[in-house]
Amino acid sequence: QVQLVESGGGLVQPGGSLRLSCAASGFTLDYYAIGWFRQAPGKEREGVSCISSSDGSTYYADSVKGRFTISRDNAKNTVYLQMNSLKPEDTAVYYCASHSWCYPRGMDESRNVFGSWGQGTQVTVSS
């Protein structure tokens, strides 16, 4: 069974950090691009970051560039999202999903083609 499972969310104060994990079962992550998306209440799901399978290229939404870092550990079949300098507007449910490649210029719209979505992990940034 192909499955992605997110973990690492929680409650953090503004300026704090969290590291999210996206673990795969039933398939090998290193053959796929992995994207992180998030969805806040009342808003559409938006693309946050993506890491390619071919050369490990990384892409970020402007809103998180310089604060978030995506990485992959193929030995652990896991992709990570390190989130620093968190802001209240980062509050959302974070999801990971897979596809053959990333869409650097259409990260939000790529939600329609990415698959094997996990159940999501809640990130709340609040004082």
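All values below were derived from every heavy atom in this structure, side-chain atoms included, with hydrogens, water molecules and symmetry-related copies excluded.
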Problem set entry | Common cluster, V48/M107, ILVMFWY with side-chain heavy-atom separation under 4.5 Å | no

Given side chains that start at C-beta, do those of [X] and [Y] come closer than 4.5 Å, heavy atoms only?
| X | Y | value |
| --- | --- | --- |
| V79 | C96 | no |
| P14 | P88 | yes |
| Y59 | C102 | yes |
| E44 | D108 | no |
| R72 | L29 | yes |
| R38 | V64 | yes |
| V12 | M83 | no |

Exercise. When you check the side-chain N and O atoms of D30 and T28, is any donor under 3.5 Å from an acceptor?
Worked result: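 T28 and D30 do not have a side-chain donor-acceptor pair below 3.5 Å.
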
Using 0.5 Å steps for rounding, measure from the [atom1] atom of [X] to the [atom2] atom of [Y].
| X | Y | atom1 | atom2 | result |
| --- | --- | --- | --- | --- |
| T69 | R19 | OG1 | CZ | 11.5 Å |
| F68 | L20 | CZ | CG | 8.0 Å |
| N77 | S25 | CG | OG | 8.5 Å |
| L81 | Y94 | CG | OH | 7.5 Å |

Problem set entry | Listed partners of Q82 passing side chain to side chain donor-acceptor pair (under 3.5 Å), at least two apart | N84

Exercise. Who pairs with T78 by side chain to side chain donor-acceptor pair (under 3.5 Å), at least two apart in sequence or on another chain?
Worked result: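 With sequence neighbours excluded, T78 shows a side chain to side chain donor-acceptor pair (under 3.5 Å) to no residue whatsoever.
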
Problem set entry | Partner set under ring-ring contact (aromatic ring centres under 6.0 Å, His included) for F27, not counting sequence neighbours |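 Partners of F27 under the ring-ring contact (aromatic ring centres under 6.0 Å, His included) test: Y32.
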
Problem set entry | side chain to side chain contact (heavy atoms under 4.5 Å, CB included) partners of S126, counting only residues at least two apart | L11, T124

Closest heavy-atom contact between [X] and [Y]?
| X | Y | answer |
| --- | --- | --- |
| L4 | C22 | CD2-SG, 3.8 Å |
| A40 | A92 | N-CB, 3.8 Å |
| G9 | T121 | N-OG1, 3.1 Å |
| Y60 | I70 | OH-N, 2.9 Å |
| S17 | S85 | OG-N, 4.4 Å |

For this session: Tell me, yes or no, whether the heavy-atom count around E89 atom CD, taken from other residues, nucleotides or ligands under 6.0 Å, exceeds 12.
Result: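 Atom CD in E89 is crowded, with more than 12 foreign heavy atoms closer than 6.0 Å.
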
Exercise. Are K65 and D62 close enough for a salt bridge, meaning some N to O gap below 4.0 Å?
Worked result: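 Yes, K65 and D62 are salt-bridged.
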
Problem set entry | Donor-acceptor under 3.5 Å (E6 side chain, G120 main chain) | yes

Exercise. Do the side chain of S52 and the main chain of S57 share a donor and acceptor less than 3.5 angstrom apart?
Worked result: yes

For this session: Any chance you could pull the hydrophobic cluster mates of W101, using side-chain heavy atoms under 4.5 angstrom and chaining through other members?
Result: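 For the cluster that includes W101, the remaining residues are F37, V93, Y95, Y103, V113, F114, W117.
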
Exercise. Hydrophobic cluster mates of Y80, side-chain heavy atoms under 4.5 angstrom, ILVMFWY only, any path?
Worked result: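 Members other than Y80 - counting any ILVMFWY side chain reachable under 4.5 Å - there are none.
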
